[in-house]
Amino acid sequence: MAPKGVWQTISRFLYDVEPEFVDSKYFCAAARKRGYVHNLPIHNRFPLLPLHPHTIHEALPLTRKWWPAWDMRTKLNCLQTCIASAKLTERIRKALEAYEGEPPLAVQKFVLEESRKWNLVWVGRNKVAPLEADEMEMLLGFPRNHTRGGGISRTERYRSLGNSFQVDTVAYHLSTLKDLFPGGINLLSLFSGIGGAEVALHRLGIRLKTVVSAEISEVNRSIMSCWWEQTNQTGNLIHIADVQHLTADRLEQLVKMYGSFDLVVGGSPCNNLTGSNRHHRDGLEGKDSSLFFDYCRILDVVKSLASRYR
DNA sequence: CGGAACATGACCCCTGAA
DNA sequence: TTCAGGGGTCATGTTCCG
């Protein structure tokens, strides 16, 4: 749902590769429609095991007790960076409380519309609530408490999670690298966030030799460091605070030191593309989304370095 | 009857102000 | 931390017209 022409431009800057459009609802209990522009093999891809829960009821069994029959949702909508206000959930509770048993159709419609819009789940009699950060973490395929602690605030946590990859989805696409790189890979991870790609590769059993990770948010960098520490990684993790610091010289320096990169991965900011943005939906040229062009610049440099340092 | 034109509904990795 | 807040895009359904 990016503005018209954005996907065409993205492909044009990425060697005319067409995006593979994938909805994460086939990998977990929440939708996440994304276009992945990649040059990975597509034969013999395999999912992470054990398979992730595919329905709301499997993923959040405690909600089953309170889930009314007239709410037919089996999948959540896309997990976003913001959650519903307490006022809204209170308004919904009041609207439902006025009736014994099934509410009239108009009320059902209102409640369902708002529940879909804000991804509300049933947590009590006549009571809906937004997802907890823990639950989002689980739905996105991260280890429990991945984004917890380290002084991260509640709102920052929601933001980081809402901006992340869905791990199982990305892992499926990266799975073919396991046979291609039995000794592990050198990874250049741009806009790493909370490390969705890294977690996916780790879960696939692909050794991370050297990871160069560019991420602007300090809390996200610290989340990644903690994970790196806790999973007893044997490789090197190098943080870069800003993709714009990854100049050709800096990249050459890194390649000389650690060897050339086997994989470049990243999702550049989409906040100027999404419909949820009321103020600055400026398309690919927007302040943040234009960092996509840095991705292209860096990819070009990495490709030429790979041919020189083989 | 086929297709163009139009209406409706669902969805969305959110920002700014208080 | 909390809240209020619009609109573009696509899919689907409906009307209209030759």
Side-chain angles (χ1 to χ4, degrees), chain A residues 1-10 19 21-25 27-28 30-37 71-92 105-106 108-120 129-133 136-137 139-142 147 151-170 189-197 200 215-217 219-220 223 265-292 295:
Chain A
M1 293 183 195
K4 268 200 167 73
V6 165
W7 279 112
Q8 286 83 339
T9 310
I10 288 176
F21 289 103
V22 182
D23 190 336
S24 291
K25 75 178 181 184
F27 294 90
C28 70
R32 204 168 188 78
K33 293 176 186 169
R34 296 290 178 275
Y36 299 87
V37 180
D71 183 348
M72 309 287 278
R73 289 178 297 160
T74 59
K75 300 274 184 185
L76 293 162
N77 278 332
C78 187
L79 308 184
Q80 303 200 74
T81 55
C82 295
I83 58 166
S85 67
K87 290 205 166 165
L88 175 65
T89 51
E90 189 58 12
R91 212 154 65 227
I92 289 174
L105 284 176
Q108 289 183 20
K109 186 164 177 282
F110 161 70
V111 173
L112 279 176
E113 268 178 17
E114 296 297 329
S115 297
R116 280 187 226 272
K117 184 178 211 173
W118 292 103
N119 261 337
L120 302 174
L131 293 168
E132 294 289 335
M136 284 180 60
E137 210 166 68
L139 288 160
L140 289 168
F142 287 93
T147 56
I152 188 171
S153 75
R154 185 179 161 75
T155 41
E156 279 174 321
R157 200 173 168 201
Y158 276 117
R159 167 170 293 258
S160 295
L161 285 162
N163 283 326
S164 169
F165 282 139
Q166 203 285 330
V167 169
D168 299 75
T169 311
V170 172
S189 168
L190 305 176
F191 315 102
S192 309
I194 56 176
E215 169 56 37
I216 194 96
S217 148
V219 284
N220 284 350
I223 286 168
V265 66
S268 60
C270 79
N271 53 343
N272 302 125
L273 310 178
T274 172
S276 303
N277 187 340
R278 324 269 153 111
H279 301 89
H280 309 288
R281 195 183 189 187
D282 304 328
L284 259 190
E285 309 298 330
K287 184 163 74 69
D288 301 306
S289 294
S290 57
L291 288 170
F292 165 74
Y295 187 102

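We name chains A, B, ... by the order of the sequence lines, and we start the count at 1 in each one.
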Within the 4.0 Å heavy-atom criterion, would you say [X] contacts the bases, only the backbone, or no part of the nucleic acid?
X	value
A:C82	base
A:W118	base
A:S160	nothing
A:K117	nothing

Across every strand shown, the nucleotide meeting Watson-Crick or G-U wobble geometry with B:dC13 (both distances under 3.5 Å) is none
Taking atom [atom2] of [N] as reference, at what distance in whole Å does atom [atom1] of [X] sit?
X	N	atom1	atom2	result
A:H280	B:dT15	NE2	P	8 Å
A:F21	B:dC11	CZ	C1'	15 Å
A:D23	B:dC11	CG	P	11 Å
A:R91	C:dT2	CZ	P	16 Å
A:I216	B:dC13	CD1	C1'	17 Å
A:N163	B:dC14	CG	P	6 Å
A:K87	C:dT2	NZ	P	12 Å
A:W7	C:dC10	CH2	C1'	15 Å

In terms of heavy-atom contacts, does CZ of A:R159 have more than 12 from other residues, nucleotides or ligands at under 6.0 Å? no
Same-atom distance (P) from C:dA4 to B:dC13, integer angstrom: 23 Å
So, is [X] near the phosphate of [N], with a side-chain N or O under 4.0 Å from OP1 or OP2?
X	N	result
A:S276	B:dC13	no
A:Q80	B:dC13	no
A:S85	C:dT2	no
A:H279	C:dG7	no
A:T155	C:dT1	yes

Nearest-nucleotide pick for [X], side chain only, options being [options]:
X	options	value
A:P3	B:dT15, C:dT9, B:dC13	C:dT9
A:R116	B:dC11, B:dT15, C:dT1	B:dC11
A:R34	B:dG16, B:dC13, C:dT1	B:dC13
A:A31	B:dC13, B:dT15, B:dC12	B:dC12
A:M1	B:dG16, C:dG8, B:dC14	C:dG8
A:R154	B:dT15, C:dT2, C:dC10	C:dT2
A:N77	C:dT9, B:dC11, B:dC13	B:dC11
A:R281	C:dT1, B:dT15, C:dG7	C:dG7
A:C270	B:dC12, B:dC13, B:dA10	B:dC13
A:A86	C:dT9, B:dC14, C:dC3	C:dC3

Between C:dG5 and A:R278, counting only base atoms on the nucleotide and side-chain atoms on the residue, is there a donor-acceptor pair under 3.5 Å? yes
Rounded distance (nearest 0.5 Å) linking atom OG of A:S289 with atom CD1 of A:I10: 8.5 Å
To the nearest 0.5 angstrom, please state how far the CD1 atom of A:I194 sits from the CG atom of A:N163. 9.0 Å
Upstream residue (5' side of DNA chain B) when A:K109 and A:L76 are each assigned their closest nucleotide: A:K109
Between A:A2 and A:L88, which residue's closest nucleotide on DNA chain C lies nearer the 5′ terminus? A:L88
Position toward the 5' end of DNA chain C (nearest nucleotide), A:T274 or A:S153: A:S153
Hey, does the side chain of A:Q80 reach the backbone of A:G162 with a donor-acceptor pair shorter than 3.5 angstrom? no
Can you check whether A:H280's main-chain N or O pairs, donor with acceptor, with A:N272's side chain at less than 3.5 Å? yes
Between A:K117 and A:E113, is there a side-chain N and carboxylate O pair less than 4.0 Å apart? no
Describe, in one word, how the ring planes of A:Y295 and A:F191 are oriented to each other, choosing from parallel (under 30°), tilted (30 to 60°) and perpendicular (over 60°). parallel
